[in-house]
Amino acid sequence: MSALAALRRVRPVMAAVTAAALLSLTMATPAAAARRASERVLEDRVVMTVGNGVAHVRETIVYEFAGGDGFARTFVTRAHESATRDRVYRMTNVRASSPDGGPTRVTATREGTRTTVEVSGPDELTGRRTVVLEYDLRGAVTRLGAADELSWPVAGGFRVPVETASATVGGGTMIRNVNCFAGPIGSTVGCTQFYMNHAHTQGIYSQEKLLRGEYLTVVAGFPAGATGDHARYERRQTMATAFSVNAVTASALLGLLVLLGGGVAVLYLLRGRDARVVGKRAAEGDHAPVAGAEFEPPDGVRPGQIGTLIDEQADVIDVTATIVDLAVRGYLLIEEEDRAATGRLDWTLRRLDRPVVDLLPYERILLDALLTGRDGTARDAVKLSELGGTFATKLAQVRAAMYDDVVRQGWFARRPDTVRSRWTIAGLALTVLGIGGTVALALTTEWALAGLAVIIAGAALAYGGQYMPAKTARGSTVLAHTIGFRTYLERGELPEGGELASPQKIALFSRFLPYAVVFDVVERWAGTVEDAGERAEGADNLYWYEGPAEWDLSKFAESMRTFTLTTSGSISQSRGL
């Protein structure tokens, strides 16, 4: 017979054997479970000897096995006395022995308020086995005035029923009173029987029939100090205790208060100086403030510089004002497209032939960024709509140069954005450290408020960092003149009469218009320019701003408002991927 033929004949036999084995296992499992469910404790007999601060317990368990390899006994070793305190019972030296081949391997597992002692052996067992479980117990005695009261669930706590439970408690001294209870922990149902021996040196207790998880709890009263034991407590680790006020946390919170107070003082010294200089030195510096149409911005101070000086940030609107200023000063021509012809509102920025030697570094960077194509080649003109989504990276370079410029002017000791970033990063790092520390402290100690103080300090540092950039005395002086100039622009009034002709007034007030963009009064000031244009015969354009056909200066205010809004949006827009 070939090997292949033999294999074909063997396969049905193997399949039949496998099926029979699986059927046998399937049928055996419920049977085994049923047998184990019939296991029980026939007798649970305890002898408890109290003295010298410890109670030694010897528990003799007669167990009826039906296929199991061991049993489990549960002890209540922690009780919640209050929201912040637990009473603990310490079990040590837990061991087991057996005179008739019962299980003796002991494993103790603590979970929550209970400790489970598992006694197991290497083989499955049937029939009766006797196991002697021994352990030492501390903390079961409560001092009640002139007496020590022992209370402990000495028997029960099994996962199977108990037929008979009994206990004997002694301590080598007279027992004053005894009592016992049966049922769950905390039950007030009395046990079957309890009494003292004739010498009053032992308490004797018994209980018939305990259900699964029920206990026989014994109580014995001793003279004060006779047992040497006492109740033991631990502070309960909860949210209430973790965030409690103690010496450590109070010190941390006090330190936080001092830190925050010091921070406020530092801010007052730095920022308050700005206010004091503005108030006292408004008439000093590069030129004195005057009233009316003769008022000028601080000598040589450009709109973008003023914007950065006022709020200590190089904003997009400051860059927009610089673009308008470059046009007013003759470096650019702004041409408004004919919306009726193109179908959309747009402007062209056209380069004018003028040397750039007088431009500040950030102005030169901005002009080059506007009139440099994506391939790096120079171009003579660019539509505003073409900047959308492509200018954002160049905008960052311009803003960085503006920060460098205010430091170069001596208005700030350090770049305001760098100062803010350093303080913010330090504050965020401290906050993250505080969060991690608070979690760790809350889980393990009572000092979580100290971590919370670190979080608050970090958040305050990150927030206060936005106000840390401070102007120098020179910067504050320039700011004083700037505030006076802003007040003039906010009035937006065109002087009546005067020696200047309307075209000259248009040029004069055009020069002020970029500053109005920074001060957010462009609509009002553009109306002033418009008013001056309407008085000038044949004035339908500005030398730096040209409108489409049929456009004149009566439409300038609306055109300028729309141009500044569109420009700010276009240069700051990032192209989506």
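It should be emphasised that the depicted structure is a prediction, and the values quoted were computed from it without experimental measurement. Atoms considered below: every heavy atom in the structure, side chains included; atoms not considered: hydrogens, waters and symmetry mates. In this chain, numbering begins with 1 at the start of the sequence shown.
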Participant: What I'd like to find out is whether the side chain of Thr348 reaches to under 4.5 Å of the side chain of Leu384, using heavy atoms alone.
Facilitator: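 They are not in side-chain contact.
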Participant: Checking Arg235 side chain against Arg85 main chain: does a donor-acceptor pair fall under 3.5 Å?
Facilitator: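 Side chain of Arg235 to backbone of Arg85: no pair is present.
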Participant: A quick test of your reading: do over 12 heavy atoms of other residues, nucleotides or ligands sit less than 6.0 Å from CZ of Arg339?
Facilitator: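 It does not: Arg339 CZ has 12 such atoms or fewer within range.
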Participant: With a 4.5 Å heavy-atom cut-off, do Phe485 and Phe512 have their side chains touching?
Facilitator: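 In short, these two side chains touch, coming nearer than 4.5 Å.
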Participant: Charged N to carboxylate O below 4.0 Å: is that the case for Arg344 and Glu337?
Facilitator: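 No salt bridge links Arg344 with Glu337.
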Participant: Tell me if the CG atom of Asp404 is crowded by more than 12 foreign heavy atoms within 6.0 Å.
Facilitator: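 Check passes, neighbour count above 12.
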Participant: State which residues pass salt bridge (Lys or Arg N to Asp or Glu O under 4.0 Å) with Asp325; sequence neighbours excluded, sorted by chain then number.
Facilitator: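 Asp325: salt bridge (Lys or Arg N to Asp or Glu O under 4.0 Å) contacts with Arg329.
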Participant: Could you check whether Arg350 pairs with Glu546 (Lys NZ or Arg NE/NH1/NH2 to Asp/Glu carboxylate O, under 4.0 Å)?
Facilitator: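 A salt bridge is absent here (no side-chain N lies under 4.0 Å from a carboxylate O).
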Participant: Are any side-chain N or O atoms of Arg351 and backbone N or O atoms of Ala378, one a donor and one an acceptor, separated by less than 3.5 Å?
Facilitator: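 No, the answer is negative, given that no donor and acceptor are paired below the 3.5 Å cut-off.
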Participant: Is a side-chain donor or acceptor of Tyr89 paired with a backbone partner of Ala79 at a separation under 3.5 angstrom?
Facilitator: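 No, the answer is negative, given that no donor and acceptor are paired below the 3.5 Å cut-off.
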Participant: Please determine whether a side-chain nitrogen of the Lys or Arg among Lys383 and Asp346 lies less than 4.0 Å from a carboxylate oxygen of the Asp or Glu.
Facilitator: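 So Lys383 does not pair with Asp346 through a salt bridge.
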Participant: Given side chains that start at C-beta, do those of Leu370 and Leu332 come closer than 4.5 Å, heavy atoms only?
Facilitator: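 Touching, per the 4.5 Å side-chain cut-off.
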Participant: Do Asp318 and Val517 come close enough that some side-chain heavy atom pair is under 4.5 Å?
Facilitator: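 Answer no - side chains too far apart.
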Participant: Would a 4.5 Å heavy-atom cut-off, applied to side chains only, mark Leu326 and Leu366 as touching?
Facilitator: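 Result yes, sub-4.5 Å side-chain heavy-atom pair found.
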Participant: Hey, is the main chain of Thr566 close enough, under 3.5 Å, to the side chain of Ser570 for a donor-acceptor pair?
Facilitator: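 At least one qualifying donor-acceptor pair exists.
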Participant: After noting the C-alpha distance and the side-chain angles of Phe412 and Glu312, does the key distance pass the side-chain contact (heavy atoms from CB on, under 4.5 Å) rule?
Facilitator: CA-CA 9 Å; Phe412 294 89; Glu312 298 158 357; 3.5 Å; yes
Participant: Between Asp311 and Gln313, is there a donor-acceptor pair closer than 3.5 Å when you use the side chain of the first and the backbone of the second?
Facilitator: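 At least one qualifying donor-acceptor pair exists.
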Participant: Nearest 0.5 Å, please: how far is CG in Asp86 from CZ in Arg78?
Facilitator: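 The CZ atom of Arg78 sits 5.0 Å away from the CG atom of Asp86.
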Participant: Work out which heavy atom in Thr424 is nearest to a heavy atom in Ala462; give both atom names and the distance.
Facilitator: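 The answer is OG1-O, 3.8 Å.
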Participant: Looking at CZ of Arg87 and OG1 of Thr77, how far apart are the two atoms once the value is rounded to the nearest 0.5 Å?
Facilitator: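 Rounded to the nearest 0.5 Å, the CZ-OG1 separation comes out at 12.5 Å.
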Participant: Check this for me: does any side-chain nitrogen of one of Asp417 and Arg420 sit under 4.0 Å from a carboxylate oxygen of the other?
Facilitator: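 Not counted as a salt bridge, because no side-chain N and carboxylate O are separated by less than 4.0 Å.
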Participant: Would you check if Glu363 and Val398 make a side-chain contact, meaning some heavy-atom pair closer than 4.5 Å?
Facilitator: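 With C-beta onward as the side chain, the pair stays apart.
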Participant: Does any non-hydrogen side-chain atom of Trp423 lie less than 4.5 Å from one of Val419?
Facilitator: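 They are in side-chain contact.
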Participant: Would the distance check show the side chain of Thr567 and the main-chain N or O of Thr564 forming a donor-acceptor pair, the cut-off being under 3.5 Å?
Facilitator: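 No; judged by distance alone, with no hydrogens or angles, the pair does not exist.
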Participant: Roughly how far, to the nearest 0.5 Å, is CG of Leu479 from CD1 of Ile310?
Facilitator: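 Taking CD1 in Ile310 and CG in Leu479, the distance rounds to 6.5 Å.
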Participant: Ignoring hydrogens and angles, tell me if any N or O in the side chain of Thr418 forms a donor-acceptor pair with the backbone of Arg414 under 3.5 Å.
Facilitator: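 Side chain of Thr418 to backbone of Arg414: no pair is present.
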Participant: Do Leu367 and Val356 touch side chain to side chain, with heavy atoms closer than 4.5 Å?
Facilitator: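 Yes; the side chains approach each other to less than 4.5 Å.
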Participant: Hey, mind stepping through Tyr545 and Trp347 against side-chain contact (heavy atoms from CB on, under 4.5 Å) and telling me if it holds?
Facilitator: CA-CA 10 Å; Tyr545 190 100; Trp347 289 264; 2.8 Å; yes
Participant: How are the rings of Trp544 and Phe556 set to each other: parallel, tilted or perpendicular (split at 30° and 60°)?
Facilitator: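 Aromatic pair Trp544/Phe556 classed perpendicular.
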Participant: Looking at Tyr463, I'd like to know if its OH atom is crowded, meaning that more than 12 non-hydrogen atoms belonging to other residues, nucleotides or ligands lie closer than 6.0 Å.
Facilitator: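 Counting other residues, nucleotides and ligands, OH of Tyr463 stays at 12 neighbours or fewer.
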Participant: Please check if the side chain of Thr472 supplies one atom and the backbone of Gly410 the other of a donor-acceptor pair under 3.5 Å.
Facilitator: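 It does hold such a pair.
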Participant: Keeping Gln305 on the side-chain end and Arg302 on the backbone end, is there a donor-acceptor pair under 3.5 Å?
Facilitator: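 Checking the backbone N and O of Arg302 against the side chain of Gln305, a donor-acceptor pair under 3.5 Å is found.
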Participant: Keeping the roles fixed (side chain from Thr115, backbone from Glu111), state whether a donor-acceptor pair exists under 3.5 Å.
Facilitator: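 No: the side chain of Thr115 does not pair with the backbone of Glu111.
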Participant: Counting only heavy atoms not in Arg232, do more than 12 fall under 6.0 Å of its CZ?
Facilitator: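 Above 12, so yes.
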Participant: Would you call Lys555 and Glu558 a salt bridge, taking side-chain N to carboxylate O under 4.0 Å as the test?
Facilitator: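 Salt bridge: no.
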Participant: For Ala314 and Tyr403, which heavy atoms make the closest approach, and how far apart are they?
Facilitator: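 Shortest heavy-atom contact: N-OH, 3.0 Å.
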